[in-house]
Amino acid sequence: MTAPVFVVDVVPAGPEFVLDGSEGRHAVSVKRLRPGEDVVLTDGCGHWSEGVVKAAEGKDRLVVAELHEVHEEPEPTPRITVVQALPKGDRGELAVETMTETGVDEIVPWSASRCITQWKGDRGLKALAKWRTTAREAGKQSRRVRFPQVADAMTTRQVAALLTTADFAAVLHEDRAHPSEPLATAELPASGSIVLVVGPEGGVSPEELEVFAQAGARAYRLGRSVLRTSTAGTAATALLLGRTGRWS
């Protein structure tokens, strides 16, 4: 197994660094790391350094040594963004968690017309903060050093503007009355950006489909079964990562 990942504001170049605060507490009291074990320190933006535990002090201080070089993981290509309609309850955090573990690069919360959940005022800010915290924790758990960005919530018009900038734009939509193509055989770009829209449980409305079509996004389907909104983005991301060679 690869070394556990901990987040720092600035990745130290060495020779030693003291990891304290909540990250130090997690390393010492939860992970119970001991001298000689390997760790990775990252800023979550692609910069990282590998070191060795020198000492664990108290309940929240980990002394890391042998930090000789700061590495930078290059930006992945093609870059995959998932526009995620707001699910009910905690299914939003589930979607963020599994998409992060799979390898998505950006997640955009979307207030679709058929969403039961709507982010407004303080409630919306708290929900967004939960999504961002979930992405950070899932990024650490999956040993990533470049965590996905979680954007501010967008309206349908804002999502359409985002779709116009993509090299490949798709809306996951399965409806006998609306033509769609299999995502598994879509022609994908070798580089650039891919933006995928995942609708709510009630589906993407005809009006939204029309707006997205005008922005260059066609309708695609994953397979015979219909996935829930909290799992469709993860399944589609996995398919795209495999087909673009990012999982090779």
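For Leu125, the CG atom sits in a packed shell: over 12 heavy atoms of surrounding residues, nucleotides or ligands are nearer than 6.0 Å. Applying the 6.0 Å contact sphere to CD of Gln141 captures no more than 12 heavy atoms from other residues, nucleotides or ligands. Counting heavy-atom neighbours within 6.0 Å of Arg123 CZ, excluding the residue itself, gives a total of 12 or less. Within a 6.0 Å radius of CZ in Arg218, no more than 12 heavy atoms belonging to other residues, nucleotides or ligands are found.
Within the structure, the ring-ring contact (aromatic ring centres under 6.0 Å, His included) test picks out the following pairs touching residues 183-240 (sequence neighbours left out): Trp110-Phe212, Phe168-Tyr220.
Going from atom CZ of Arg143 over to atom OG1 of Thr42 covers 13.0 Å, rounded to the nearest 0.5 Å. In this structure, Glu201 CD and Lys88 NZ are separated by 6.5 Å, a value rounded to the nearest 0.5 Å.
Salt-bridge check for Glu75 with Arg146: passed, with a basic side-chain N closer than 4.0 Å to an acidic carboxylate O. A salt bridge links Glu23 to Arg136: at least one charged side-chain nitrogen sits closer than 4.0 Å to a carboxylate oxygen.
When side chains are defined from C-beta on, Pro4 counts as touching Leu33, because their heavy atoms get closer than 4.5 Å.
Of the possible polar contacts, one joining the Thr117 side chain to the Pro87 backbone as a donor-acceptor pair under 3.5 Å is found.
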Give the C-alpha distance, both sets of side-chain angles, the deciding distance and a yes or no for side-chain contact (heavy atoms from CB on, under 4.5 Å) between Arg114 and Ser205.
CA-CA 7 Å; Arg114 293 178 176 175; Ser205 71; 3.9 Å; yes
Show your reasoning for whether side-chain contact (heavy atoms from CB on, under 4.5 Å) applies to Thr100 and Arg144.
CA-CA 9 Å; Thr100 298; Arg144 291 181 61 167; 4.0 Å; yes
